[in-house]
Amino acid sequence: MLRPLTVRTLIGNRRERGPTLLSVKSAVDMNPKKNIFLSSRNNVDEAVEKLRARGIEVLGVVCHVSNAQQRKNLIETTVQKYGKIDVIVSNAAVNPSVDTILETKEAVLDKLWEINVKAAILLLQDATPHLQKGSSVIFISSITAYQPPASLAMYGVTKTALLGLTKVLAAEMAPDTRVNCVAPGFVPTRFADFLTSNDEIRKSIEEKTLLNRLGTTEDMAAATAFLASDDASYITGETLVVGGGAPSRL
């Protein structure tokens, strides 16, 4: 059983609401009275309503991570209200194309790099002065980082970059801040719907896992909450693959 979390100020961001909300749910399940969540995504009103219904103190802030002013506003608003930042879950991502890499337009390449990698770095640059001793940064990569499929080729490459970023920042931000990464397997969310809604493709993905199933948002949330917790206090610079036993080696 995980030890209860102490009071946390948590920033999470993604176009999909499921993984981020469930990361908070996992944290709250460990300690239902002492968690604060700040959501930086569209439709924040819905997210805030659901979290407050669970008794969570929450502030919703709309933030497009590629917008410098909105990133700064997210950090400033957080610090003004709570005075600190304990945990950052960086999981904003896009995949605007299924083209092969050599057929991908320059504008698409730029967007993939800007949202999936560059924005995570810039957000941390803004947030770092406010991170507490014992704080935690968690990047959300992907199983595709290890062997990018053709339909997710450049997306997978950007997720591979996060594995290296985790290693570099773990050294740079030590000893006060731990930096880790979660690499989820395929989960049937809207983001992956073009893959998981196709019965043939879905079956093929499932057969590549040892557990013969897709992942769930609860699986990913539990891994994220673990890395944010004190149970992971001696873990940094690592990537936790949550892929049901699917191949995951570079």
Peer 1: Can you hop from Y155 to L250 via hydrophobic side chains spaced under 4.5 Å?
Peer 2: yes
Peer 1: Using a 3.5 Å distance criterion without hydrogens, assess whether the side chain of T78 forms a donor-acceptor pair with backbone atoms of L74.
Peer 2: yes
Peer 1: Treating Ile, Leu, Val, Met, Phe, Trp and Tyr as nodes and any side-chain heavy-atom pair under 4.5 angstrom as an edge, say whether I201 and I143 lie in one connected cluster.
Peer 2: yes
Peer 1: Work out which heavy atom in C181 is nearest to a heavy atom in S141; give both atom names and the distance.
Peer 2: SG-CB, 3.5 Å
Peer 1: Does I138 offer a backbone N or O that forms a donor-acceptor pair with the side chain of N180 under 3.5 Å?
Peer 2: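 Not a single qualifying donor-acceptor pair exists.
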Peer 1: Quick one: CG on N95 to CE on M154, what's the gap to the nearest 0.5 Å?
Peer 2: 10.5 Å
Peer 1: Where is the tightest heavy-atom contact between P184 and M220, given as atom of each residue plus distance?
Peer 2: CB-SD, 3.4 Å
Peer 1: Show the nearest heavy-atom pair for residues G237 and K167, with the distance to one decimal.
Peer 2: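 In terms of heavy atoms, the two residues are closest at O-NZ, 2.9 Å.
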Peer 1: Check whether R178 reaches the backbone of L227 with its side chain - one donor and one acceptor, N or O, closer than 3.5 Å.
Peer 2: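 Looks like yes, one N/O pair under 3.5 Å.
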Peer 1: Are R202 and P188 packed together at the side-chain level, in the sense that at least one heavy-atom pair is separated by less than 4.5 angstrom?
Peer 2: yes
Peer 1: Shared ILVMFWY cluster between V187 and L211, side chains joined below 4.5 angstrom?
Peer 2: no
Peer 1: Taking side chain as C-beta onward, heavy atoms only, is I101 less than 4.5 Å from V157?
Peer 2: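 I101 reaches V157 side chain to side chain.
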Peer 1: Taking V179's backbone N and O only, do any of them form a donor-acceptor pair with T236's side chain (distance below 3.5 Å, no angle check)?
Peer 2: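 Answer holds: yes.
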Peer 1: Write down the atom of A161, the atom of W113, and the distance for their closest heavy-atom approach.
Peer 2: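 A161 and W113 have their closest heavy atoms at CB-CZ3, 4.3 Å.
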Peer 1: Quick check on the hydrophobic clustering: are L122 and F139 connected, directly or via other members, by side-chain heavy-atom contacts under 4.5 Å?
Peer 2: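 Per the 4.5 Å side-chain linkage, L122 and F139 are not co-clustered.
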Peer 1: Rounded to the nearest 0.5 Å, what's the gap from NZ on K72 to CG on D126? Could you check?
Peer 2: 4.0 Å
Peer 1: For A120 and S90, work out which heavy atoms get closest and say how close.
Peer 2: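 For A120 versus S90, the nearest heavy atoms are CB-OG, 3.4 Å.
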Peer 1: By side-chain contact (heavy atoms from CB on, under 4.5 Å), which residues pair with V79, not counting sequence neighbours?
Peer 2: I75, I85, H130
Peer 1: So, do M173 and L131 sit near enough that their side-chain heavy atoms are less than 4.5 Å apart?
Peer 2: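 They are in side-chain contact.
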Peer 1: For the backbone of I205 and the side chain of T209, can you confirm whether one donor and one acceptor N or O come within less than 3.5 Å of each other?
Peer 2: no
Peer 1: Taking atom CD of Q147 as the centre, report whether more than 12 heavy atoms of other residues, nucleotides or ligands fall under 6.0 Å from it.
Peer 2: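 No - once you tally the heavy atoms of other residues, nucleotides and ligands closer than 6.0 Å, there are 12 at most.
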Peer 1: Sort and list the pairs that fulfil salt bridge (Lys or Arg N to Asp or Glu O under 4.0 Å) and have at least one residue in residues 127-156, not counting sequence neighbours.
Peer 2: K133-D176
Peer 1: Measuring only between side-chain heavy atoms, which start at C-beta, is E172 closer than 4.5 Å to T128?
Peer 2: no
Peer 1: Rounded to the nearest 0.5 Å, how far apart are CG of D110 and OG1 of T104?
Peer 2: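 Output value for this atom pair is 11.5 Å.
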Peer 1: Check whether any side-chain heavy atom of T239 sits under 4.5 Å from a side-chain heavy atom of L162, and report yes or no.
Peer 2: no
Peer 1: What distance do L152 atom CG and S97 atom OG have between them, rounded to the nearest 0.5 Å?
Peer 2: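 Between L152 CG and S97 OG, I get 10.0 Å after rounding to 0.5 Å.
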Peer 1: Please examine the side chains of R71 and H64, heavy atoms only from C-beta on, and report whether any two atoms are closer than 4.5 Å.
Peer 2: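 No. Closest side-chain heavy atoms not under 4.5 Å.
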Peer 1: Does N116 offer a backbone N or O that forms a donor-acceptor pair with the side chain of K111 under 3.5 Å?
Peer 2: no
Peer 1: With the 4.5 Å side-chain cut-off for hydrophobic clustering, are V168 and L124 part of the same group?
Peer 2: no
Peer 1: So, taking the atom named OG1 in T158 and the one named CD in E114, what distance separates them when rounded to the nearest 0.5 Å?
Peer 2: 12.5 Å
Peer 1: Report yes if some heavy atom in the side chain of L112 is under 4.5 Å from a heavy atom in the side chain of P96; otherwise report no.
Peer 2: yes
Peer 1: Has E207 got more than 12 heavy atoms of other residues, nucleotides or ligands less than 6.0 Å from its CD?
Peer 2: yes
Peer 1: Minimum heavy-atom separation for T160 and A145, please, with both atom names.
Peer 2: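 Looking at all heavy atoms of both residues, the closest pair is OG1-O, 2.6 Å.
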